[in-house]
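To keep things clear, I will list the structure first and then write my remarks on it.
Chain identifiers are assigned alphabetically (A, B, ...) following the order of the sequence lines, protein sequences preceding nucleic acid strands; residue numbering begins at 1 within each chain.
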Amino acid sequence: MSDVLPRAFFARPVLDVARDLLGCSFTFGGVGGRLVEVEAYRADDPASHSFRGRTARNAVMFGPPGQLYVYFTMGLHFCVNVVCEGEGQAAAVLLRALEPTVGLGAMRRRRGFDDPRRLCSGPAKLTQALAITRDANGLSACGADGPPAGHEGSSRDGDERGPCDDDDPRACFAAREGGVARDPAAWARGAPRIVATPRVGVTAGAATPWRFVDADSVFLSRPLPRAARP
DNA sequence: GACTTGATCCCG
DNA sequence: GGGATCAAGTCC
């Protein structure tokens with residue numbers, strides 16, 4: 001089984017979570033890949049859906065960390081975030097692009113073409129390729145916090161069993177290759193070269209550089225400025 | 001630049 | 001309550 005990131009990973013400042021997610025894997029229904037582009041949104045940030053307080057649409061953002069916040073936009077697209085920080089903080093990381101590694105066949109069928117570079121190179125492309133829609137809103141995507149690895153098999157406390165710690169995960173984040181999901185000291189280890197840029201498509205807070213990308217990836221939603229390229 | 005739907009806003 | 005507004009996007 002993969003090295004599933006626990007809730008504690010997401011219960012941190014959203015800017016830290018965003019950076020530490022790059023290079024980690026995200027799968028939904030067994031389809032997904034390596035995260036290469038994300039954006040951070042915070043409640044004190046005019047670009048965030050949570051900026052003006054809780055509404056029916058953004059309620060999940062105010063819930064516990066580690067859940068998916070899915071919203072519908074532009075009349076036809078879904079975008080997916082993972083909720084961060086503490087319950088009530090209403091911060092989240094938008095998943096903007098990933099490098100497809102598992103379920104390429106399903107992604108190609110859903111997107112209607114083959115080129116892996118374009119399958120998940122944008123937030124709404126990614127949800128289409130992974131078949132994420134409004135029913136995934138509020139879904140838990142983290143493993144249970146608990147004793148360190150090696151102490152598995154002990155009793156679960158009944159209710160809150162995450163979708164990732166059983167054998168039929170729907171949504172799941174896993175640590176980087178060689179990472180140790182339950183060791184906070186390892187969360188930043190092995191990160192790719194990261195470049196921060198302004199977020200895409202936002203009007204308020206347009207200059208805030210809270211978009212983080214794997215600078216060496218060819219799977220981004222848009223190329224980096226020449227100066228930032230390898 | 002068009003497309004397309006619904007949550008939110010603002011007025012009444 | 002109801003109409004106007006505009007959106008964390010994608011494709012050509």
Side-chain angles (χ1 to χ4, degrees), chain A residues 10 13-19 21-22 26 28 32-33 35-63 65 67-85 89-100 107-139 141 171 173 194-214 217-224:
Chain A
F10 301 98
V14 67
L15 298 180
D16 294 341
V17 178
R19 302 175 68 96
L21 274 175
L22 292 177
F26 174 68
F28 184 84
L35 292 166
V36 297
E37 177 177 338
V38 299
E39 285 176 359
Y41 289 88
R42 235 168 46 179
D44 64 348
D45 153 25
S48 177
H49 289 168
S50 57
F51 183 64
R52 289 173 181 82
R54 179 179 181 134
T55 65
R57 178 214 210 188
N58 65 20
V60 171
M61 285 186 83
F62 291 79
Q67 296 191 337
L68 300 186
Y69 164 51
V70 180
Y71 67 88
F72 181 71
T73 190
M74 298 298 184
L76 63 163
H77 298 303
F78 293 101
C79 295
V80 63
N81 302 247
V82 59
V83 176
C84 297
E85 305 194 355
Q89 293 302 115
V93 172
L94 171 68
L95 310 184
R96 285 194 55 91
L98 59 77
E99 171 181 344
M107 292 193 217
R108 289 179 164 131
R109 178 163 32 81
R110 291 164 182 162
R111 297 274 295 130
F113 59 83
D114 283 350
D115 182 2
R117 294 196 186 196
R118 291 167 42 226
L119 287 175
C120 298
S121 58
K125 301 177 184 180
L126 187 156
T127 58
Q128 187 189 6
L130 273 56
I132 295 172
T133 63
R134 52 183 1 101
D135 3 296
N137 191 39
L139 190 69
F173 291 89
I194 296 171
V195 168
T197 80
R199 295 167 293 185
V200 176
V202 302
T203 49
T208 308
W210 287 356
R211 168 177 176 253
F212 302 98
V213 307
D214 170 351
S217 176
V218 297
F219 297 90
L220 304 180
S221 68
R222 56 190 58 193
L224 281 175

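Nearer to the 5' terminus of DNA chain C, by closest-nucleotide assignment, is the contact made by A:M61 (compared with the other of A:M61 and A:R111).
Of all nucleotides in DNA chain C, those with any atom nearer than 4.0 Å to a heavy atom of chain A start and finish, going 5' to 3', at C:dA7 to C:dC11.
A:A47 comes within 4.0 angstrom of a base, heavy atoms only.
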Strand DNA chain C in bracket notation, Watson-Crick/G-U under 3.5 Å with | for pairs to another chain: |||||||.|||.
At a cut-off of 3.5 Å, list every protein nitrogen or oxygen paired with a nitrogen or oxygen from nucleotides 6-10 of chain B, distance to 0.1 Å.
from, atom 1, to, atom 2, distance (Å)
B:dT8, OP1, A:T55, OG1, 2.1

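With A:E85 contributing its side chain and A:V14 its backbone, the two residues share a donor-acceptor pair below 3.5 Å. The main-chain N or O of A:R110 is found under 3.5 Å from a side-chain atom of A:Q128 such that the two form a donor-acceptor pair. The backbone N or O of A:A40 sits less than 3.5 Å from a side-chain atom of A:R199, completing a donor-acceptor pair.
Taking CE of A:M107 as the start and NZ of A:K125 as the end, the distance is 14.0 Å to the nearest 0.5 Å.
A salt bridge is absent between A:D115 and A:R117: the closest approach of a Lys/Arg side-chain nitrogen to an acidic carboxylate oxygen does not fall below 4.0 angstrom.
Applying a 4.0 Å cut-off to non-hydrogen atoms, none of the residues of residues 204-212 of chain A approaches DNA chain B.
For A:F212, the ring-ring contact (aromatic ring centres under 6.0 Å, His included) criterion is met by no residue, not counting sequence neighbours. Every residue meeting the side-chain contact (heavy atoms from CB on, under 4.5 Å) condition with A:A136, not counting sequence neighbours, appears here in chain and number order: A:F28, A:L68, A:V70, A:I132.
Taking the six-membered ring for Trp and thresholds of 30 and 60 degrees, A:Y71 and A:H49 have ring planes more than 60 degrees apart, a perpendicular arrangement.
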Verdict with supporting geometry, A:R42 and A:S48, side-chain hydrogen bond (donor to acceptor under 3.5 Å, both in side chains): CA-CA 6 Å; A:R42 235 168 46 179; A:S48 177; over 6 Å; no
